[in-house]
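Below is one structure, written out as structure tokens; comments come after it.
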Amino acid sequence: MDDTSARARLVTDLTPARWLEQGIGELEMPEVFDAYARVVHPALDESEQPVRWAGVAEWAGRELHARSYFEEISKPVRGGGTGPRPWDEPPENGSFPMELLPHLCEVLAAHTTTSERCWFCLWDGFGWLNDEDAGSSVVSIASEEGDPVQVPAPDPDPLRVTFEGDLRSAPLIQVPTRDYYVLTGPLEAARTLGAATRSHFFFPQSPNLFWPDDRAWCVATDIDLDWTYVGGSAELIRTLVADSRWEAFPIEPS
């Protein structure tokens, strides 16, 4: 988290994000691209290793398709679900898997001419963005009248956002059901967003939306979903679907 060159910074001019206001469709972005993919987030086993949806569906005797929900494909049919279930934790909602994000960014970089200038949206409802007292303890001190008064104590290892700018003065882009802070930076900044302590504990959060300046593609991860949508060229989507590092399905807006 010490590489400031890869950090994103908040912006006050929302012009680059105004295109979102033309309408967020079923795929959580303006549906202006040639093709789309749905990348499902893996579940985790007891060792916190990723478990693919295909393995869960096979265990449960279910069919996996582009619009499957984890809750559906993980429920065994009659005669299915023999042996221990292959996952311990369900897929994470609202954040693309951080171990896969660098690889996704590598693929995305090959499909834009402006990877050094990208735009990122973060939902304004994340508690670590807005709770100024997060991580504070409380101590008692004596008031002038001699009675003890409880006040927040300085946190020796406070949680701080990992991007530049003042949240208090940053405007929000407003789209149906969500308000977002807008940031800019190089594509690699997508994997540096979140909060960290001085002792280098990092709590990552992938952007909820991000795209390059040339709008060659867009990536959307809604806070309530355990999958991510990618819109872009047909070539990009073919590349994503063929990549074995994740489970991706071609999908069309309904």
Side-chain angles (χ1 to χ4, degrees), residues 24-31 33-77 80-81 84-111 120-123 177-178 187 190-191 193-194 204-211 217-254:
I24 300 293
E26 175 204 4
L27 306 186
E28 306 299 332
M29 67 183 74
E31 293 168 357
F33 296 99
D34 292 338
Y36 300 87
R38 180 177 181 242
V39 186
V40 297
H41 304 171
L44 297 176
D45 65 15
E46 292 182 351
S47 301
E48 297 189 348
Q49 294 301 304
V51 177
R52 299 171 74 88
W53 288 31
V56 174
E58 181 179 5
W59 171 83
R62 297 282 182 178
E63 179 183 355
L64 179 64
H65 55 80
R67 295 185 178 273
S68 291
Y69 291 90
F70 188 81
E71 292 79 6
E72 295 174 348
I73 60 105
S74 62
K75 183 178 180 180
V77 300
R85 72 180 195 179
W87 83 99
D88 185 56
E89 295 291 335
E92 181 180 4
N93 288 353
S95 192
F96 190 81
M98 297 309 294
E99 68 276 9
L100 295 177
L101 188 55
H103 304 301
L104 176 63
C105 289
E106 178 185 356
V107 173
L108 295 172
H111 293 267
F120 312 96
C121 289
L122 276 180
W123 180 53
T177 75
R178 303 280 186 253
L187 179 55
R191 54 190 177 88
L193 298 180
Q205 169 63 51
S206 74
N208 299 111
L209 283 156
F210 65 106
W211 63 92
W217 43 259
C218 183
V219 179
T221 309
D222 185 78
I223 60 170
D224 291 329
L225 301 182
D226 55 9
W227 63 82
T228 292
Y229 290 116
V230 182
S233 66
E235 179 184 1
L236 168 60
I237 299 309
R238 284 194 297 268
T239 300
L240 289 174
V241 171
D243 198 310
S244 62
R245 290 174 291 189
W246 43 67
E247 287 180 287
F249 304 87
I251 193 169
E252 296 183 1
S254 58

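In what follows, every heavy atom counts, from backbone to side chain, and hydrogens, waters and symmetry copies are set aside.
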message: With heavy-atom distances below 4.5 Å as the criterion, would you say the side chains of Phe210 and Phe96 are in contact?
response: no

Scan the side chains in residues 50-58 for donor-acceptor partners under 3.5 Å anywhere in the protein, sequence neighbours excluded, and list what turns up.
residue	atom	partner	partner atom	Å
Arg52	NH1	Ser244	O	3.1
Arg52	NH2	Trp246	O	3.3
Trp53	NE1	His41	O	2.7

Residue pair Pro207 / Cys121, side-chain heavy-atom distance below 4.5 Å: no

query: Stepwise, does the side chain to side chain contact (heavy atoms under 4.5 Å, CB included) test hold for Phe249 with Val40?
result: CA-CA 8 Å; Phe249 304 87; Val40 297; 4.2 Å; yes

query: Can you name the nearest heavy-atom pair linking Gly94 to Asn208, along with the distance?
result: O-ND2, 3.7 Å

query: Can you name the salt bridge (Lys or Arg N to Asp or Glu O under 4.0 Å) partners of Asp226, sequence neighbours left out?
result: none

message: Among residues at least two apart in sequence or on other chains, which ones pass side-chain contact (heavy atoms from CB on, under 4.5 Å) with Gln49?
response: Asp45, Ser47

message: According to salt bridge (Lys or Arg N to Asp or Glu O under 4.0 Å), who are the partners of Arg178, at least two apart in sequence or on a separate chain?
response: Asp222, Asp224

- request: Give a yes or no on this: more than 12 heavy atoms of other residues, nucleotides or ligands lie within 6.0 Å of atom CD of Glu63.
  value: no

- prompt: Does any non-hydrogen side-chain atom of Pro30 lie less than 4.5 Å from one of Ile24?
  reply: yes

field: Glu92 side chain reached by Pro97 side chain, heavy atoms, under 4.5 Å
entry: no

- request: Please step through side chain to side chain contact (heavy atoms under 4.5 Å, CB included) for the pair Val219 and Leu108, ending with a clear verdict.
  value: CA-CA 10 Å; Val219 179; Leu108 295 172; 3.7 Å; yes

message: My understanding is that only residues two or more places apart in sequence, or in another chain, count here; which of them pass side-chain hydrogen bond (donor to acceptor under 3.5 Å, both in side chains) with Trp211?
response: none

Which donor-acceptor pairs under 3.5 Å do side chains of residues 233-242 form with protein atoms, sequence neighbours excluded?
residue	atom	partner	partner atom	Å
Ser233	OG	Leu236	N	3.1
Thr239	OG1	Glu235	O	2.9

query: With Glu26, which residues qualify under side-chain contact (heavy atoms from CB on, under 4.5 Å), at least two apart?
result: Glu31, Arg67, Pro253, Ser254

query: Do you know which two heavy atoms are closest between Arg62 and Glu72, and how far apart they sit?
result: NE-O, 3.5 Å

- prompt: Between atom CZ of Arg191 and atom NE2 of His103, what is the distance when rounded to the nearest 0.5 Å?
  reply: 10.0 Å

task: Quick one: pull up CH2 in Trp227 and CD in Glu28 and give me the separation to the nearest 0.5 Å.
output: 8.5 Å

field: With Tyr36 via side-chain hydrogen bond (donor to acceptor under 3.5 Å, both in side chains) - residues at least two apart
entry: none

statement: Across all chains, not counting sequence neighbours, the side-chain contact (heavy atoms from CB on, under 4.5 Å) partners of Asp88 are Glu46

task: Can you sort out the partners of Trp87 under ring pair (Phe, Tyr, Trp, His ring centres under 6.0 Å), two or more places apart, ordered by chain and number?
output: Trp59, Phe70

task: Test Val39 against Glu247 for side chain to side chain contact (heavy atoms under 4.5 Å, CB included), laying out the working first.
output: CA-CA 6 Å; Val39 186; Glu247 287 180 287; over 6 Å; no

- request: Output yes when a side-chain donor or acceptor of Arg38 lies under 3.5 Å from a complementary backbone atom of Ala66, and no otherwise.
  value: yes

Interatomic distance, Leu104 atom CG to Asp243 atom CG [nearest 0.5 angstrom]: 9.0 Å

message: As an exercise, state the distance from OG of Ser95 to CG of Leu225, rounded to the nearest 0.5 Å.
response: 12.5 Å

message: Once rounded to the nearest 0.5 Å, what's the spacing between atom SG of Cys218 and atom OH of Tyr229?
response: 13.0 Å

query: For Cys105, which residues count as a side-chain contact (heavy atoms from CB on, under 4.5 Å) partner, sequence neighbours excluded?
result: Leu101, Leu187, Ala190

message: What's the separation between atom CD1 in Ile223 and atom CG in Asn93, rounded to the nearest 0.5 Å?
response: 9.0 Å

